[in-house]
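Order of the sequence lines sets the chain letters (A, B, ...), proteins ahead of strands, with each chain counted from 1.
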2 protein chains.
Amino acid sequence: MESIERYSHNELENFTKKVFEAIGCNKEEASTAAHVLIQADLRGVDSHGVARLSGYIRLWKKNRINPKPNIQIVHETPSTAVIDGDEGLGLVVAQYAIKLAQEKAKMAGTGWVAVRNSNHYGIAAAHSMLTLENDMIGFSMTNASPLVSPTFAKARLLGTNPISVAIPAGKEKPVVIDMATTTVANGKLEVLQRKNAEMPEGWAQTQEGETTTDPSVLKKGGAMLPLGGDRVHGSHKGYCLGALVDILSAVLPGANYGPWVPPFVAFLNPPEDPVGKGIGHFLGAMRIDAFQPAEDFKCHMDNWIKTFKSAEAIDPKQKILVPGEPEREIEKERQKKGIPLLPAVVTDLLQMAEEFDIKFIQPISKVTTATVEK
Amino acid sequence: MESIERYSHNELENFTKKVFEAIGCNKEEASTAAHVLIQADLRGVDSHGVARLSGYIRLWKKNRINPKPNIQIVHETPSTAVIDGDEGLGLVVAQYAIKLAQEKAKMAGTGWVAVRNSNHYGIAAAHSMLTLENDMIGFSMTNASPLVSPTFAKARLLGTNPISVAIPAGKEKPVVIDMATTTVANGKLEVLQRKNAEMPEGWAQTQEGETTTDPSVLKKGGAMLPLGGDRVHGSHKGYCLGALVDILSAVLPGANYGPWVPPFVAFLNPPEDPVGKGIGHFLGAMRIDAFQPAEDFKCHMDNWIKTFKSAEAIDPKQKILVPGEPEREIEKERQKKGIPLLPAVVTDLLQMAEEFDIKFIQPISKVTTATVEK
């Protein structure tokens, strides 16, 4: 069995920060970008963490990421704004947007910021969760490169278009929803490919729209499927959710939508006939006390959480989970034991260390594959 | 084959209005309630239309619906409000709420109204769609009687908790999402029961949490399943969506949530230890020009819609649909040909006609069952 090294999340974040500084980000933005990226690794969303760092660098080399963006408010009302991310890192632009949404919410009760001309923003929850300490409910969504077919269609017209909502609680931990609007995230297909394993039906279809259990089908022109999987199980609803995210994140602020969303991978060129600027996000903040006293709300949230967690399980060995709980458990473990990185990811990071003349970090322990990939 | 009568939607609406007047609603509110109810029949959501009228009447007889509510704003900020529906018809209270949300949006860019102490509000889209003519995006969600089990659980802790979003377009018809957060709406199980047919797996589970194809399983203590159907196909995401609707609609305004939501059926009593008041809704309106000029947005929406509709289909006989299209097609047909009512529904309406001394209406044609139930 392959052995995998674990790295301290603080050291990994510091290394990542230096890489972003090396491509020209200022200290503050490099620090923000690194922090957002590492949150993915901490929460167990390995596909969106440092594994993706070299992808951002390749986009920068193709002049598709601007390390010194002049982020601007294009239009605003008391509770809304549109911002232009100036081709900056989505990791940075979205943090700017959710902070602006909170400023709006302080005055108007809620704040909603639609973003155009941005890039991949990491995990959705890294932005929505920023509202929690201010007793606000945070919303975060983004469109993404087209990989998903609408119900009945062959073509890839939507991204995995995630939705995150972060809701404060009192003594209990907050409820944090963070979900792709597909049956599964793309990362799960990659895990099965590495294992040479089959994929359940309902996750993806072939180029011709047939059901398949081949996890490498996306490379062969296939497509991921909207949440629901097939029409009988409600894939048209997953398609509705993906469409909603696309429209709010991109049609609303004037970013590219549907098949025009520029690909994250640098070896594929963006469409030559863009309908907007860059990719789009939609961030929101609702002040709880714009509805009722925050303490009352949080007390009821504690009751809500306890009620759901204490429901009788079908399998007595299985706990009933509350949204955000699995990620929090992984985070707790990884903060202590370090973040496990696949050898290919370490090689990637070492190459960047060499290229930018940054000292790479030492692993803190080794584990085996089986305990890492779920 | 059973023969079914079709009725003019105008005449049916007028009859419904008279029934609401007979229980004490004023003319304006009776008219609003009837209009919302008939929209369900027009759009093909037969379970939420006049078939449910006698249910509202039974609740009124048990003093669980107040026909003369004093709807009040409990708390507000520039972009938010909480209203107390005073146990009124949800059909009326939610229309009040979405109008208030639009008033807020005119001033603040967006408006968000959470509602407590309400009742069943009909179809979600009847409220969200009210924003379309004002160039706003409308949001509508409600919690409902607990029928749905969270992933891994036996107990029914959530309602079918629908989400509707209505998005204006230019020359194209608007995009209207209206979806239960379960694999299917409860009405589909009822259709299969009447046909004595089996149900696909992934729609519902037995009292013990086992998968089943028995569409009458809810009467035997079973539960509906969140969108996704099972864990492998993302039922935890459907559970997240149902939870989100429950929290925004009920925990936020101080209504009953989770297992405390009062049942719609009058023969079941509400829980004796309520955690809030009545059931809850969450309505929202976003002015498009709070983000960008409405004409530009609508032009891009037309392009979005045309792009999706013209995607290549897997089965050449199947069209790619845009959210709201199937309901609009049914509406077009039913406006012309009338609303088909099952004999049991007609009997129900005749009983109310007799009880309240209202003249019942004549059918305009007959059809056979097969063409009605999909």
Side-chain angles (χ1 to χ4, degrees), chain A residues 75 77-80 82 108-110 112 114 150-155 157 165 167 175 177 179 183-184 200 202 208-209 227-229 232-234 236-238 240 243-244 247 251-254 257-259 275 286 290-292 297 300-301 303-304 307-308 311-315 318 320-321 323, chain B residues 75 77-80 82 108-110 112 114 150-155 157 165 167 175 177 179 183-184 200 202 208-209 227-229 232-234 236-238 240 243-244 247 251-254 257-259 275 286 290-292 297 300-301 303-304 307-308 311-315 318 320-321 323:
Chain A
H75 182 69
T77 73
S79 76
T80 69
V82 169
T110 66
W112 306 91
T151 306
F152 301 140
K154 284 185 187 175
L157 292 181
V165 184
I167 303 165
V175 166
I177 296 165
M179 50 178 267
T183 39
V184 290
E208 293 308 307
L227 177 58
V232 167
H233 295 90
H236 55 299
K237 299 181 184 192
C240 280
L244 176 62
I247 292 167
V251 184
L252 204 52
Y257 46 81
V275 292
M286 296 200 313
F291 294 92
Q292 65 162 302
F297 174 86
H300 280 291
M301 278 306 299
N303 187 38
W304 192 99
T307 302
F308 279 73
E312 191 186 354
I314 297 169
D315 171 357
Q318 181 64 57
I320 312 305
L321 300 166
Chain B
H75 183 69
T77 74
S79 76
T80 69
V82 169
T110 67
W112 306 91
T151 305
F152 302 139
K154 284 186 187 175
L157 292 180
V165 185
I167 303 165
V175 166
I177 296 165
M179 49 177 269
T183 40
V184 289
E208 293 308 307
L227 176 58
V232 168
H233 294 91
H236 55 300
K237 299 182 183 191
C240 281
L244 176 62
I247 292 167
V251 184
L252 202 53
Y257 45 81
V275 292
M286 297 201 312
F291 295 91
Q292 66 160 302
F297 174 86
H300 280 292
M301 277 307 299
N303 187 37
W304 192 98
T307 302
F308 279 72
E312 191 186 353
I314 297 168
D315 172 356
Q318 181 64 58
I320 312 306
L321 300 166

Quick one: pull up [atom1] in [X] and [atom2] in [Y] and give me the separation to the nearest 0.5 Å.
X      : Y      : atom1 : atom2 : result
B:L157 : A:F308 : CG    : CZ    : 5.0 Å
A:T151 : A:K237 : OG1   : NZ    : 11.5 Å
B:H233 : B:T183 : NE2   : OG1   : 12.5 Å

Among [options], which has the most heavy-atom pairs under 4.5 Å with chain A?
options                        : answer
B:V232, B:I167, B:D315         : B:V232
B:E312, B:M286, B:E208, B:H236 : B:E312
B:N303, B:V251, B:V275         : B:V251
B:T80, B:V175, B:I314          : B:I314
B:C240, B:A155, B:P323, B:A114 : B:C240
B:A153, B:G209, B:G234         : B:A153

Under 4.5 Å heavy-atom distance to chain B, tell me which part of [X] shows up: side chain, backbone, both or neither.
X      : result
A:P150 : side chain
A:T110 : both
A:Y257 : side chain
A:L252 : both
A:V184 : both

For the student: nearest non-hydrogen atoms of [X] and [Y], plus distance:
X      : Y      : result
A:A108 : A:S79  : CB-CB, 4.0 Å
B:P259 : A:T307 : CG-CG2, 3.8 Å
A:T77  : B:G109 : OG1-CA, 3.5 Å

Is there a side-chain contact between B:Q292 and A:V82, using heavy atoms and a 4.5 Å cut-off?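 No. Closest side-chain heavy atoms not under 4.5 Å.
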
Less than 4.5 Å apart, any side-chain heavy atom of A:F297 and any of A:M301?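 Yes, close enough: below the 4.5 Å cut-off.
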
